[in-house]
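Here is the structure we will look at, set down as C-alpha cells.
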Amino acid sequence: MPELPEVETVVRTVAPRLRGRRLLEVRCFTKKAWAGSVVKAAGQTVRDVRRYGKYILLDLDRGLLAIHLGMTGKLLTGAAKGPYTRAVLVCDGAAVCFEDVRQFGSVRWLAGEPGGLGPDALAITSEEFLQRLGKKQARLKALLLNQSFIRGVGNIYADESLFRAGLHPLALAARLSKPRALRLHGAIVEVLSEAVAKGGSSISDYVDADGQPGWFQLEHRVYQRTGEPCLACGSPIRRILVAQRSTHYCPRCQRR
DNA sequence: CTTAATGTTCCCCA
DNA sequence: TTGGGGAACATTAA
C-alpha cells in the first residue's frame, strides 16, 4: 500500500485526528525491536503530521514519531483492535490503529529529523534531478526505487513513470540525453500528482485512515498488466526482474 | 505446493 | 566506491 501517493493520502486523512492532540500512550502488540522506542512519545502533543518520502512523521514536543507502512501497513481511525494491530496511538477522544499483516512496517520515536534520503520526488526541481541522474551508472528502475536517490517512488510508480516517459527500465541513467531525463522528471511528477489526486492505488487492500480506497489503480498502464495489450500500441506488456522487483514495461513504447 | 505481493537492509562479489 | 544479485524479514492469496 505505501508509496508517496498512498502515504500522502494517509497523512491527509489522519492529520485532522491527531494534530494538536495529546498522545496519552502508544501501545505496541509486537516483539519487533521498534516497539521499545515509542514509550518516549507518551504524554506528548502532536504538533504536526506530515509526509517525509514514504514516512508519516508526527512532530512532538520533543522528537517525533516516524511511521513506515512497509508493504501492508495501514493507519486506521476509529477501528477496533484486531489480530494484525501492531500498535495503537491513544489520544483523548480518538485512537489510531497501526495494522500491518506482514510486519515490514514500523513506528519509532526519533530525536530528530530522519536523514540520509534523497530529495522528495514531488519537490525536486528538474535541474537537480538532471544533476543527480547524470552521476549515476545505475539502471533507471533501480535508481527510482533507491530512496537515497529520490524519496517516495516505489515499484508501482517507478514502472508507471518509466512508461509515461517512454524509457526502458534497464537504461543507464548517466547515458540518458537531457531531453529524455527531463521527460522522466516530468513523468514522475505527473504520475505522482495524478495518483495523489485519486487517493493512491488500491491494488490489494490499501485504504486511507478513514477506510476509503484509492482509484489510481484504474489508471495503471503497465503495472501488473503482464501479457495485456499496451494501451498505446497494443504490444503485450512484458515483465522482467530488476533489483529483485517485478518490472512491467512495453517493449515497443520503451526501447533501450 | 509454488509463486508473488505497495519495502528496506545487509552481505557478498565484481 | 559503486552497483548488482541474493537473502532475510512475515503473511496471505491465487
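Taking the six-membered ring for Trp and thresholds of 30 and 60 degrees, A:F216 and A:H220 have ring planes more than 60 degrees apart, a perpendicular arrangement.
Counting non-hydrogen atoms under 4.0 angstrom, A:K141 reaches nothing in the nucleic acid. Nucleic acid contact for A:Q224: sugar-phosphate only, since backbone atoms but no base atoms lie under 4.0 Å from a heavy atom of the residue. Residue-level contact check: A:Y84 touches the backbone only, with heavy atoms under 4.0 Å from sugar-phosphate atoms and none from bases.
One atom, NE2 of A:H220, and another, C1' of B:dA5, lie 14 Å apart when rounded to the nearest Å.
A side-chain N or O of A:T85 and one of A:E99 form a donor-acceptor pair less than 3.5 Å apart.
In 5' to 3' order, the nucleotides of DNA chain C bounding all contacts with chain A (an atom under 4.0 Å from a heavy atom) are C:dG3 to C:dT12.
Taking the ring axis of A:F29 as reference, the NZ or CZ atom of A:K81 stays within 45° of it and closer than 6.0 Å to the ring centre.
By the salt bridge (Lys or Arg N to Asp or Glu O under 4.0 Å) test, A:E113 pairs with A:R50, sequence neighbours left out. By the salt bridge (Lys or Arg N to Asp or Glu O under 4.0 Å) test, A:R27 pairs with A:E25, sequence neighbours left out.
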Could you go through residues 236-244 of chain A and list every donor-acceptor pair under 3.5 Å that involves a side-chain atom there, pairing it with any protein atom two or more places apart or in another chain?
from, atom 1, to, atom 2, distance (Å)
A:R239, NE, A:S246, OG, 2.9
A:R239, NH2, A:S246, OG, 2.7

Less than 3.5 Å apart, which donor and acceptor atoms pair up between the side chains of residues 166-173 of chain A and the rest of the protein, not counting sequence neighbours?
from, atom 1, to, atom 2, distance (Å)
A:H168, ND1, A:L170, N, 3.0

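Salt bridge status for A:R51 with A:D120: present, with a side-chain N to carboxylate O gap under 4.0 Å.
Taking the nucleotide of DNA chain C with the nearest heavy atom to each of A:K32 and A:V242, the more 5' of the two is matched to A:V242. Of the two residues contacting DNA chain C, namely A:Q244 and A:L143, the nearest-nucleotide position lying further toward the 5' end is that of A:L143.
Remark: the separation of the P atoms in B:dT8 and C:dT12 is 22 Å, to the nearest Å.
Nucleotide B:dT3 forms a Watson-Crick or G-U wobble pair with C:dA13, both donor-acceptor distances falling under 3.5 Å.
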N/O contacts under 3.5 Å, protein versus nucleotides 7-14 of chain B?
from, atom 1, to, atom 2, distance (Å)
B:dG7, OP1, A:K54, NZ, 2.7
B:dG7, OP2, A:N155, N, 3.1
B:dG7, OP2, A:R245, NH1, 3.2
B:dG7, OP2, A:R245, NH2, 2.7
B:dT8, OP1, A:H68, NE2, 3.0
B:dT8, OP2, A:K54, NZ, 3.1

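The only option from A:F104, A:Y55, A:Y52 that meets the ring-ring contact (aromatic ring centres under 6.0 Å, His included) definition with A:H68 turns out to be A:Y55.
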